[in-house]
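Just so it is clear, the values below take in all heavy atoms, side chains as well, and ignore hydrogens, waters and symmetry mates.
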Amino acid sequence: MIPSLNQEIASAINASCHKLFGTLPPRLVLETPPKVELGDVAIPAAFELAKVLRRPPRKIAEDLASALELPEFVRERRVEGGGYINLFLDRPRTMALLLAPRPPRTPEGPKTIIEHTNINPNKAAHIGHLRNAVLGDVLVRTLRHLGRRVEVQNYLDDTGVQVADVVVGLAHAKELVDSGRAAAMAREIEEILDAFPHDLPGVPARQLGDLTWDLYALVGRTYTQDPSLESERKKTLHIVESAALGRELSGEEARLARLGVRLAEAIVRCHLLTMARLGVSYDVLPRESDILARRFWDRAFSLLKEAGAVQLETEGKNAGCWVMKLEGSSEFAGMEDADKILVRSNGTVTYTGKDVAYQLWKFGLLGSDFEYEPAPYVDIDGQPLFHASDGISPLYRSRHDETGADPSARGRFGKGETVINVIDVRQSYPQKVVKEAVRRAGFPEASSRSIHFSYEMVALTPAAATEMGFELSEDDQKRAFVEMSGRKGLGVKADDLLDQLVEKAHEQIAARSGGEPVEPGRAEAIAIGALRVYMTRFSRNKVIAFDFDEALAFEGDTGPYLQYAAVRANNIFRKLASQGLAGRLSSGERTGLATRPAAQCDDNLWDVVRTCARTAETFEKVGDSLEVSFLVRHALALAQAFHHLYHTHPILQAPDDATRLARRAALELVLSTLEEILDVIGVPIPERM
RNA sequence: CUACCCGUAGCUCAGCUGGAUAGAGCAUCGGCCUUCUAAGCCGAGGGUCGCCGGUUCGAAUCCGGCCGGGUAGGCCA
């Protein structure tokens, strides 16, 4: 419940067990009883001891309970159920302790690098990317809250096939299916890119994401209908890579390469704008093109070769490729062909190969680094559009050479002790390969600190897909969910969903404001709250079958429910002030709380306090398990407890000052706890609902 | 074929390393706005925890085997 108190209780149990039974409980766990009436801390140790001592747990609990020498904080002990020892805390003192000011934590210790978002810069972001970014962002905020040093990286695959695909679409628009529409879109896209970094008059920045989304879908359809275009794809990818490697290119090739560079750069701005809307930010944007230009792979390759981790195949289907043999290792057991190609027979490096180099760099083990420059995204006045995750520092991106690089940023990024990659579960296999490669390159400790934060995908319910005008096959209609597919253009765009949320929030506000004008930030805040909670309230390994009704819900287990609790708490303090009553607790009141009669803390009030008290351990649990839904569910439980209290314990109309003080104290605690948690989940608290 | 994930109320999900009467939200039904905003609260109904076996004083939870659904096993990422 309270970390320091838990420790005292734990050592008391151990001491008494030793004295009474001459043995310690195999595992010492402290639980929280399911109901307030049952107490504040539950000790199930008697169940464990029953096995060892071969005596009924209830008996053991009774003996142990009376023998325990507990801290003064514990007011009462009871044996409940089959053998639980339940402790009741001194309510006023606990409350005073919980309300005592805590010094803010400054980050310290070794650095944890978290990579998330990582969207192919060739089209608008969809709701699957949203899950990635929100989970990653909440993880970042949680670890920071726990006092760790965290660096946020958003990797840009600016020289990948997906970028090449859209370049193909632009260069060969007339050969695509629906060529008329394709050509029109291509023209508009090129105009937008020509004007970049400025926007065309009247054309919103996100238009580019929408257009490329559609164009990419046409390219995808064309590939399946007319495979001859595939050769253009290979050629284009080669051009894009060659440019990054600094090779001389002919006129047309150079034009295509430049197109790819500008496309990626402009789409990244779309993504960053979308994420900024949600309050998601990054410290550095490492680019794949710079990994190529800086020859990171060459370094990684020699490390792997020196360690004997890779070998050149001379025969078989992988002849001419450099592969990492995985057949023997247990992690890859049972796989038919577990070997992973890192260098293709034509000499080019696979994505996984580049990822190995990137991973080694993240740990500072590559012996090579990027240069860095501030990300080039500015508004009309030349002010930066984005900041680093501290909200102050500039957002940097990697750079391949010194020209234009910021020398003061040199060496600032990477060199993490722990690296967490937020990537969906479908990429478990390549992630395992990367981890294994780091190990075999001679860095077992770095390998063990390579964490794949995996989560399940966001898919669409057939209903949602149909609602958006997609025609599903009969088989698909029967499925529980259908996978999104950029190549089919099947998916819900992040900004579209946000817009719908904002619109709905606006309607709801307008419906209750009685004609008063609605300030624009309110609907946006509610939309963000709804979205962030929707993306984080499920366990990581649960597929989210996206459903419009569910995503747009504002009642029950939702962001607005949390926000409403905080708004209500704020309203009470506001109202108290407007009536000339004491509102927020003074420091004298806080310390004086400890000696007040316990009677003012009835069970209902205490239930809320008890929930607040579990916050610290919830944060710890999230840090240990990397399961952010624990935090969200805790917030929901707290909000629920408070909404209940709100109806049973009026403060303005409290019967007397003493009662009011106890209630104000509980309110103070709820509000500060809610603010603390919502800040970490990234749910903004509006002034009013 | 192999590995991993999922299977709990009509729907969406919790259930923390085995333990208190299996809990929330949505939906349904019934109440509560002259009282700090009803995006709220109170109450009711609704469960063979996929199936079978094992371990245990005790299993939704651990183990084994099935069944159903999903994902991965590309010189794509």
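Residue A:S428 places no side-chain N or O under 4.0 Å from the OP1 or OP2 atom of B:A3. For the OP1/OP2 pair of B:C57 and a distance below 4.0 Å, the side-chain nitrogens and oxygens of A:R55 include no atom meeting the criterion. The phosphate of B:C36 (OP1 or OP2) has no side-chain N or O of A:R664 nearer than 4.0 angstrom. Of the side-chain N and O atoms in A:Y561, one or more sit less than 4.0 angstrom from OP1 or OP2 of B:C41. A:R344 has a side-chain polar atom (N or O) that falls below the 4.0 Å cut-off from OP1 or OP2 of B:A77. Remark: A:N571 is not in phosphate contact with B:C36, judged by side-chain N or O atoms under 4.0 Å from OP1 or OP2. Considering only side-chain N and O atoms, A:Y564 lies under 4.0 angstrom from the phosphate OP1 or OP2 of B:A38. A:R479 has no side-chain polar atom (N or O) that falls below the 4.0 Å cut-off from OP1 or OP2 of B:G69.
When heavy atoms are screened at a 4.0 angstrom cut-off, A:F47 is found touching base atoms of the nucleic acid. Among the protein residues, A:V29 comes within range of the nucleic acid bases, having at least one heavy atom under 4.0 Å from a base atom. Residue-level contact check: A:A459 touches neither bases nor backbone, having no heavy atom under 4.0 Å from any strand. Contact annotation for A:A319: base contact, defined as any heavy-atom pair under 4.0 Å involving a base atom. Residue A:V425 is classed as having no contact, given no heavy-atom separation below 4.0 Å to the nucleic acid. Nucleic acid contact class of A:P44 (heavy atoms, under 4.0 Å, all strands): none. At the heavy-atom level, A:H634 lies nowhere under 4.0 Å from the strands shown. In this structure, A:S539 reaches the sugar-phosphate backbone alone: every heavy-atom distance under 4.0 Å involves primed, P, OP1 or OP2 atoms, never a base. As judged by a 4.0 angstrom heavy-atom cut-off over every strand, A:K51 is placed among the base-contacting residues. Among the heavy atoms of the strands, none lies under 4.0 Å from A:L576. Base engagement by A:I526 is indicated by at least one non-hydrogen atom pair under 4.0 Å involving a base atom. Among the protein residues, A:D549 comes within range of no part of the nucleic acid, since none of its heavy atoms lies under 4.0 Å from any strand.
Nucleotide B:G73 holds its P atom 13 Å from the CD atom of A:Q431, rounded to whole Å. If you take NE2 of A:H643 and P of B:C36, they are 16 Å apart, rounded to a whole angstrom. A:K340 places its NZ atom 8 Å from the P atom of B:G73, with the value rounded to the nearest Å. The CZ atom of A:F453 sits 21 Å away from the P atom of B:C4 (whole-angstrom rounding). The CG-P distance, from A:L326 to B:G74, rounds to 11 Å in whole Å. When the P atom of B:U17 is taken as reference, atom CD of A:E48 falls 13 Å away, rounded to whole Å. One can place NE2 of A:H647 at 10 Å from C1' of B:C33, the figure rounded to the nearest angstrom. Distance, A:Q579 CD to B:C36 C1': 9 Å, rounded to whole Å.
Residue A:L38 has its side chain nearest to B:A20 when only B:A20, B:C76, B:U37 are considered. The side chain of A:T350 approaches B:C75 more closely than any other nucleotide in the set B:C75, B:U37, B:G70. Side-chain proximity of A:P430 to B:A38, B:A77, B:U35: nearest is B:A77. Proximity note for A:E483 (side chain, C-beta onward) versus B:G70, B:C16, B:U71: the nearest is B:U71. When each of B:U12, B:A20, B:C16 is scored by its nearest atom to the side-chain atoms of A:R614, the top-ranked nucleotide is B:C16. In this structure, of B:A14, B:C75, B:C36, it is B:C36 that holds the atom nearest to the side chain of A:I651.
Nearest heavy atom pair, residue A:L678 against residue A:A566, reads CD1-CB, 4.4 Å.
A salt bridge between A:R233 and A:E230 is present, with a side-chain N of the basic residue lying under 4.0 Å from a carboxylate O of the acidic one. The pair A:R522-A:E687 does not count as a salt bridge, with every side-chain nitrogen at least 4.0 angstrom from each carboxylate oxygen.
At a cut-off of 3.5 angstrom, the base of B:A20 holds at least one donor-acceptor pair with the side chain of A:N86. A donor-acceptor contact under 3.5 Å is not formed by the side chain of A:K542 with the base of B:C6.
Taking atom C1' on both B:U71 and B:A60, the two are 25 Å apart, rounded to the nearest angstrom. Using C1' as the reference atom, B:G64 and B:C57 are 23 Å apart when rounded to the nearest Å. The separation of B:C16 from B:A24, taken at their P atoms, amounts to 16 Å, rounded to a whole angstrom.
Classification of B:C33 as syn follows from a glycosidic angle within 90° of 0.
If you look at A:F296 and A:Y358, their ring centroids are not closer than 6.0 Å. Aromatic rings of A:Y564 and A:H643 (six-membered ring for Trp) have centroids within the 6.0 Å cut-off, being under it.
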Produce the list of close N/O pairs, under 3.5 Å, pairing protein atoms with atoms of nucleotides 24-27 of chain B; give distances to one decimal.
residue	atom	partner	partner atom	Å
B:A24	O3'	A:Q640	NE2	3.3
B:G25	OP1	A:Q640	NE2	3.1
B:G25	O4'	A:D557	OD2	3.3
B:G25	O2'	A:D557	N	3.4

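Along RNA chain B, the nucleotide nearest A:G82 and the nucleotide nearest A:M689 are compared for position; the residue whose nucleotide lies closer to the 5' end is A:G82.
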